[in-house]
Each structure stands twice: as C-alpha cells, then as structure tokens.
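Have a look at the structure below before the remarks.
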Amino acid sequence: MPELPEVETVRRGLNQLTLSQEVTGGDILLQRTISYPFSVDEFVDRIKGNTIATWHRRGKYLLAELSTPSPSYLGVHLRMTGQLLWLNQDEPLHKHTRVRLFFGERQELRFVDQRTFGKIWYVPGNMAVEAIITGLAKLAVDPFSPEFTVEYFANKLKKSRRPIKTGLLDQSVVAGLGNIYADEALFKSRILPTTPCTELQISQIELLRIAIIEVLSASIALGGTTFSNFLSVKGVNGNYGGEAWVYNRTGEPCKVCGHVIQRLKLGGRSSHFCSQCQS
DNA sequence: CGTTATACCTGCCAGC
DNA sequence: TGCTGGCAGGTATAAC
Ligand SMILES: [Zn+2]
C-alpha cells in the first residue's frame, strides 16, 4: 500500500487525531507484528500511560514521539498492506486486524494488515532508534530534504551498474520511493528503467531528481494513491491514480505518444514504461 | 563486497 | 464451477 506519499498522508492524519491522548491499553492479535520488544505483554506495558507528542516520518517509517520516558518512540512500517485507522473501540473488528491500541475511554488506533508484513516497534528511551528499527540505519536522505542534491544523488548512483529502477527502490539511495512512483519518475524524466545507474548523464540525474520530487508532491497533494488497499487514518482512499503515466497501464497507449506501455521484470518487480518516450 | 533470488503472507484475477 | 499460476504497495536475509 504505502510509498512516501501514502505514509505522509497517514502521518498528517495521525497528527490531527492521536496527539495528547493517553494510551489506556492494547490488544495484540498477531504477535509477530510486534518486532520489539519480544514480549507483547511488555510492549503493551511500556506503551500504556503514554501520550504521543508528534508523529515523524523517515522514508516509509512512521515514528511517534512518546511522552515518557523522553526520548522513547513507537515505530510503525506499513509494508505492503498495512493500515492505521482511528476508530471508536466498539467498531466491529476488521478481518485482518493485527494490533489495537486504545486511547482514552473510547478511541482506538487499529492496525489492519492483510498480508501481515507490517511491523511495529517500541523504542525504549535508553536505546538508539537505529539499534531497534534496523532498517533506519541504512536509510538515505528524504527526497524533500535540502540534502537531496544532484551531487548527493549522482554520488550514490555511480557506485553501481544495476538498472536505475532497481537503484530507485534501494532505500539507501533515496528514501521513500516504491514501485509506483519510481516508474512514474522515470517516465517523467524520459529514462528507461533498464539504464545502468553508471551510464546516466549528470543532466539526466538532475531531471530524475526533479521528477521524483514532483511526482511525490503531486501524490501527497491528492492524499496518496488510488492503487491498492491504501486508506488514510480516517479510512479514505487517495486520489492519485488517473494521473499515472505508466504504472499499472501495461498494454494501454502512452498518454504522450500513443505507443503501447510495456512491462518488464527488474529486480523481481514489475516496471512499466514507454519505449518511445524513454531512452 | 555487489547482486540476485527467495521468504514472509493473504487474496484476487485470468485462463483453462 | 473449481483449480492453478501469477501477481500485488516492501524489506530482510540467504545464496551466489
Ligand atoms: Zn510514449
């Protein structure tokens, strides 16, 4: 479900709805969703009594800053099908409910996750976030950060001759891109997904950098994607879908030149592209 | 070290 | 109608 625009949409909803309310309990319906600590009872004990000061996003990871002890955190990764929903506790359970966190008397933050790949961590105050949520250790800069310069990007890309599509999905190159927006950014910058990273000209790298920022911004502005089971915290789907140039359009005509959109497996993932517009 | 394949799951859809 | 194979937002780890 979630790439950067969807996770950012969820983060904004969480900041509107969940702050400054006491966590009064929890119910872990699927133990392996909790990545840390090992004991789910300890997880609930540690979270209980806290309030959330604010939600941060790092790449596709969500981090809730907890009140006590400071600094301590609740981390969430939605992976493919995770949803965080703000509900009344009496709302009937969704089929794929995995974790319930209760707030105050009636409210609940419910983690629903069909494919069960999603992960939740509690990060104690005396431990580094990267030591618990290990995926954060190798995470690259955010595409909206001033550090995401053409020099930074070129430096990351020169290290490997793998296809650029594979490079864009590597979260240690740039944080937050997934299959949809990687394909869209490559189309917008007119680069074939198969192009080896090392063969990109600096001018192409700059076009790609701009396209990444544009495509992610456009989707955030529309509340995330229509593709997949994505839902915001308030339970609504996004509106970014009709504006897709190539993603999920195999066999349909290119919106620019009319040539048929093709699909190719790269790094185990589908890539969608126009062989006329992209080179 | 870089790179690819596979595992982790559930469900949907096209084709036979 | 079943059944089967392929596919789906992502990442960690094993196996070259
Ligand atoms: Zn085209």
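Lettering follows sequence order; numbering is per chain, from 1. The basis for the numbers below is simple: all heavy atoms, side chains too, and nothing from hydrogens, waters or symmetry mates.
Dashed line: the shortest gap from a side-chain N or O of R115(A) to OP1 or OP2 of dG10(C) is not under 4.0 Å. For the pair H96(A) and dG11(B), the criterion of a side-chain N or O lying under 4.0 Å from OP1 or OP2 is met. The side chain of K95(A) contributes an N or O atom lying less than 4.0 Å from OP1 or OP2 of dG11(B). Under 4.0 angstrom from either OP1 or OP2 of dG10(C) there lies at least one side-chain N or O belonging to R269(A). The side chain of H77(A) contributes no N or O atom lying less than 4.0 Å from OP1 or OP2 of dG10(C). Between dC8(B) and T116(A), no contact under 4.0 Å exists linking OP1 or OP2 to a side-chain N or O. Phosphate proximity of dC7(C) to S270(A): absent, as no side-chain N or O sits under 4.0 Å from OP1 or OP2.
When both distances must be under 3.5 Å, the Watson-Crick or G-U wobble mate of dA7(B) is dT11(C).
Going from atom CG of D170(A) over to atom C1' of dT4(B) covers 13 Å, rounded to whole Å. Rounded to a whole Å, the CD1 atom of I164(A) is 12 Å from the P atom of dT3(B). Separating the CD atom of Q31(A) from the P atom of dC8(B) is a distance of 18 Å, rounded to the nearest angstrom. If you take CG of L29(A) and P of dT10(B), they are 15 Å apart, rounded to a whole angstrom. In this structure, K138(A) atom NZ and dA12(C) atom P are separated by 7 Å, rounded to whole Å. Atoms CD (E6(A)) and P (dA8(C)) sit 16 Å apart, rounded to a whole Å. Q83(A) places its CD atom 14 Å from the C1' atom of dG11(B), with the value rounded to the nearest Å. Rounded to whole Å, atom C1' of dA8(C) lies 11 Å from atom CZ of R263(A).
Checked for salt-bridge contact, E42(A) and R46(A) meet the test: a charged N lies under 4.0 Å from a carboxylate O. A salt bridge does not link E91(A) with R100(A): none of the charged nitrogens is closer than 4.0 Å to a carboxylate oxygen. One finds no salt bridge joining K156(A) and D170(A) here, because no Lys/Arg side-chain nitrogen approaches an Asp/Glu carboxylate oxygen to under 4.0 Å.
As judged by a 4.0 angstrom heavy-atom cut-off over every strand, T134(A) is placed among residues making no nucleic acid contact. At a threshold of 4.0 angstrom between heavy atoms, the contacts of Y181(A) with the nucleic acid are absent. Residue-level contact check: G268(A) touches neither bases nor backbone, having no heavy atom under 4.0 Å from any strand.
No hydrogens or angles considered: nothing links the side chains of T97(A) and R110(A) as a donor-acceptor pair under 3.5 Å. No hydrogens or angles considered: a donor-acceptor pair under 3.5 Å links the side chains of S270(A) and R263(A).
A donor-acceptor contact shorter than 3.5 Å is absent between the side chain of R11(A) and the backbone of R57(A).
Of all nucleotides listed (dA8(C), dC9(B), dA12(C)), dA12(C) comes nearest to the side chain of R79(A). Of the candidates dT11(C), dA8(C), dT10(B), dT11(C) carries the atom nearest the K60(A) side chain, counting heavy atoms from C-beta on. If you check dA12(C), dC9(B), dT10(B) against the side chain of Y61(A), the one that comes closest is dA12(C). Which of dA8(C), dT10(B), dG10(C) sits closest to the side chain of Q114(A) comes down to dT10(B).
Between the P atoms of dT3(B) and dA8(C), the separation comes to 23 Å (whole Å). dC12(B) sits 24 Å from dT11(C) when the P atoms are compared, rounded to a whole Å. dG11(B) and dA12(C) have their C1' atoms separated by 23 Å, given to the nearest Å.
Ring-base stacking between F117(A) and dC9(B) is not satisfied when judged by a centre separation under 5.5 Å and a plane angle under 30°.
Taking the side chain as every heavy atom from C-beta outward, Y247(A) and T225(A) never approach each other to under 4.5 Å.
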